[in-house]
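Below is one structure; the comments refer to it alone.
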Amino acid sequence: MERTVEFPGLGLEFTFKNGFYIGDFFIAWYGVLIATGLLLAVLYAYKHFRKYGVDEDKAFNVIICGIIGGILGARIYYVAFSWENYGFDFSSFSAFWDSVYHIFATWEGGMAIYGGLIGALVCGLIASRFWKLNILGLLDLTGIGFLIGQGIGRWGNFINVEAFGSNTKMPWGMTGEMVVNYLSVHQAEFAAAGITVDPNVPVHPCFLYESIWCLIGFLLLHFYSKHRRFDGELFIMYIGWNGLGRVWIEALRTDSLMFGSIRVSQLLALLMFIGALAVWIGVHVKIRSMHDPNYLKLYAQTDEWKNFLVAKANQEKVQQSEKEKKLAHINAIRKEKQEEDEHED
């Protein structure tokens, strides 16, 4: 489906499709962007695993579990707070299975970022305990990875022409046929919720705000990581930064998931910010009061982790030596076979 998005104040207009075909298989740009963000987040984590005291071999198992949990969580969260659009139809057997189908049909749209974060964290934490991984160190990398993924993935909302806000007179306000149609159809619904919109006036590109906010947060946490005082600190900062951004961005949106008159994501974001700030300040106050350099010492700086790295390095040397011996043995057999063939000739 082709769609057009305009930025009248900037004199920009974009026309594009929401995906492309490889043979008979349709690939949505939304999925490509999410996958790209995920890949970059994993590559970043892979480069820094040992710096954070995380065994990279076990970490990938946890990441896979987190991805599965994130997909399930994002869908469950969205369906739960949009149940009026789903529900179970018991009028007939076919109607019931049709309603079940739409609940799980993620390709039709409907994924909530907070549900994804919650699902990924729950499954990731369970997997971390199972594989006995440094959970707090992994969470620090997870927070940075989330910012990378969200910063890139939010452009999927631009492709789908969704997650925009109320009217604005700012030069970067966006509009287009899909924006006008959406606002026109839901105008009365918005008015009942106290949101006044004019379908013919550009709206806030909330996807752009959140993308920029997340990428700024990534840079801040990346450079601050050299000064982190305890494992888990970067994740706490991620929660606070993400919550603070969503508090004001969610206030601009017209498609928020609602619980009565309350914007669910905005309330959750506010609680996240307050909670993260309180924990961050409380831990730093405690650290200073202890006057003990070993209190909440980073796991990557402990003798246990250093000994693990030495043992792992020795193990890798042994494995490399065995591979070289096997390769030398194979080459010797090939050479012997070649000499026999030449002798026969």
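Any value given below was found using the heavy atoms of this structure, including those in side chains, with hydrogens, waters and symmetry copies removed. If you're wondering where the values come from, they're calculated on a predicted model, not measured in any experiment. In what follows, residues are counted from 1 in the order of the sequence shown.
- Annotation: salt bridge (charged side-chain N to carboxylate O under 4.0 Å, His left out) contacts involving residues 196-221, sequence neighbours excluded, comprise Arg154-Glu210, Glu210-Arg246.
- By the 4.5 Å heavy-atom criterion applied to side chains, Tyr77 and Val264 are counted as neighbours.
- With Asn134 contributing its side chain and Gly53 its backbone, the two residues share a donor-acceptor pair below 3.5 Å.
- In this structure, the side chain of Asn157 does not engage the main chain of Ala163 through any donor-acceptor pair within 3.5 Å.
- Residue Leu298 is found outside any hydrophobic cluster, as its side-chain heavy atoms come under 4.5 Å of no other Ile, Leu, Val, Met, Phe, Trp or Tyr.
- Screening residues 235-244 for salt bridge (charged side-chain N to carboxylate O under 4.0 Å, His left out) gives no qualifying pairs among residues at least two apart or on separate chains.
- Legend: side-chain hydrogen bond (donor to acceptor under 3.5 Å, both in side chains) pairs involving residues 296-305, not counting sequence neighbours, sorted by first then second residue: Tyr299-Glu304.
- We find the CD1-OG distance between Ile216 and Ser211 to be 9.5 Å, quoted to the nearest 0.5 Å.
- Under the rule for a side chain to side chain donor-acceptor pair (under 3.5 Å), Tyr52 has no partner lying at least two apart in sequence or in another chain.
- With hydrophobic clusters built from ILVMFWY side chains whose heavy atoms lie under 4.5 angstrom apart, Ile64 does not share a cluster with Ile126.
- If you run ring-ring contact (aromatic ring centres under 6.0 Å, His included) between Tyr238 and each of Phe146, Trp280, Tyr224, Phe273, only Phe146 comes through.
- The side chain to side chain contact (heavy atoms under 4.5 Å, CB included) test applied to Arg288 returns no partner, not counting sequence neighbours.
- Here the shortest heavy-atom pairing between Arg50 and Ala300 reads O-CB, 4.2 Å.
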I would like to know whether Asn200 and Leu183 meet side chain to side chain contact (heavy atoms under 4.5 Å, CB included); could you show each step before the answer? CA-CA 9 Å; Asn200 300 309; Leu183 295 180; over 6 Å; no
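- Of all heavy-atom pairs spanning Gly217 and Leu147, the tightest one is C-CD1, 3.5 Å.
- Counting heavy atoms from C-beta outward, Met237 and Leu221 have side chains that approach closer than 4.5 Å.
- Between Pro202 and Pro8 the shortest heavy-atom distance is CG-CG, 4.2 Å.
- Ring to ring, Phe230 and Tyr295 are not that close: their centroids are 6.0 angstrom or more apart.
- Note that CG of Asn160 and CZ of Arg3 are 6.0 Å apart. Values are rounded to the nearest 0.5 Å.
- When all heavy atoms of Gly69 and Cys123 are compared, the closest pair comes out as CA-SG, 3.4 Å.
- Considering only heavy atoms from C-beta on, Phe207 comes within 4.5 Å of Trp155 through its side chain.
- Looking at heavy atoms from C-beta onward, Phe235 lies out of side-chain contact with Ile135 at the 4.5 angstrom threshold.
- Looking at residues two or more places apart in sequence or on another chain, you find a side chain to side chain contact (heavy atoms under 4.5 Å, CB included) between Ile281 and Leu277, Val285.
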Residues 172-182 side chain polar contacts: donor-acceptor under 3.5 Å, at least two apart:
| from | atom 1 | to | atom 2 | distance (Å) |
| --- | --- | --- | --- | --- |
| Trp172 | NE1 | Tyr209 | OH | 2.6 |
| Asn181 | ND2 | Glu177 | O | 3.2 |

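- Under the 4.5 Å side-chain heavy-atom criterion for grouping Ile, Leu, Val, Met, Phe, Trp and Tyr, Leu296 is connected to Ile239 within one hydrophobic cluster.
- In this structure, Gln187 has no side chain to side chain donor-acceptor pair (under 3.5 Å) partners at least two apart in sequence or on a different chain.
- Annotation: the span from Ser225 atom OG to His48 atom NE2 amounts to 6.5 Å, rounded to 0.5 Å.
- Judged as a salt bridge (charged side-chain N to carboxylate O under 4.0 Å, His left out), and not counting sequence neighbours, Lys47 has no contacts.
- Residue pairs that meet the salt bridge (charged side-chain N to carboxylate O under 4.0 Å, His left out) test with at least one member in residues 135-151, sequence neighbours left out, are Asp140-Arg228.
- Between Arg334 and Ile330, the closest side-chain pair of non-hydrogen atoms falls below 4.5 Å.
- Classified by interplanar angle (parallel below 30°, tilted 30° to 60°, perpendicular above 60°), the ring pair Phe158/Phe16 is tilted.
- Not a single donor-acceptor pair under 3.5 Å links the side chain of Ser321 to the backbone N or O of Val318.
- If you chain together hydrophobic residues whose side chains sit under 4.5 Å apart, Leu252 and Leu208 fall into the same group.
- Without hydrogens or angle criteria, Trp241 side chain to Phe218 main chain gives no donor-acceptor distance under 3.5 Å.
- At most 12 non-hydrogen atoms from other residues, nucleotides or ligands lie less than 6.0 angstrom from CZ of Arg129.
- Looking at heavy atoms from C-beta onward, Phe49 lies in side-chain contact with Leu138 at the 4.5 angstrom threshold.
- Grouping the Ile, Leu, Val, Met, Phe, Trp and Tyr side chains by contacts below 4.5 angstrom, directly or via other members, places Leu121 apart from Ile68.
- In this structure, the side chains of Glu233 and His284 come closer than 4.5 Å at one or more pairs of heavy atoms.
- For the atom pair CG (Asn314) and CG (Leu309), the distance works out to 11.0 Å, reported to the nearest 0.5 Å.
- Taking all atoms of both residues into account, the shortest heavy-atom contact from Glu56 to Phe60 is O-CD1, 3.1 Å.
- Within a 6.0 Å radius of NZ in Lys17, other residues, nucleotides and ligands contribute 12 heavy atoms or fewer.
- Between Met170 atom CE and Leu10 atom CG the span is 12.0 Å, to the nearest 0.5 Å.
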Extract all donor-acceptor atom pairs below 3.5 Å that involve side chains of residues 25-44 and protein atoms in other chains or at least two apart in sequence.
| from | atom 1 | to | atom 2 | distance (Å) |
| --- | --- | --- | --- | --- |
| Thr36 | OG1 | Val32 | O | 2.7 |
| Tyr44 | OH | His222 | ND1 | 2.8 |

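- Phe14 CZ to Ile159 CD1: the interatomic distance, rounded to the nearest 0.5 Å, is 10.0 Å.
- Residues Val62 and Leu72 do not share a hydrophobic cluster, defined by chaining ILVMFWY side chains whose heavy atoms lie under 4.5 Å apart.
- Across every non-hydrogen atom of Asn167 and Thr196, the tightest pair is OD1-O, 4.1 Å.
- Contact of the Lys312 side chain with the Glu316 side chain is registered, since non-hydrogen atoms from C-beta on lie closer than 4.5 Å.
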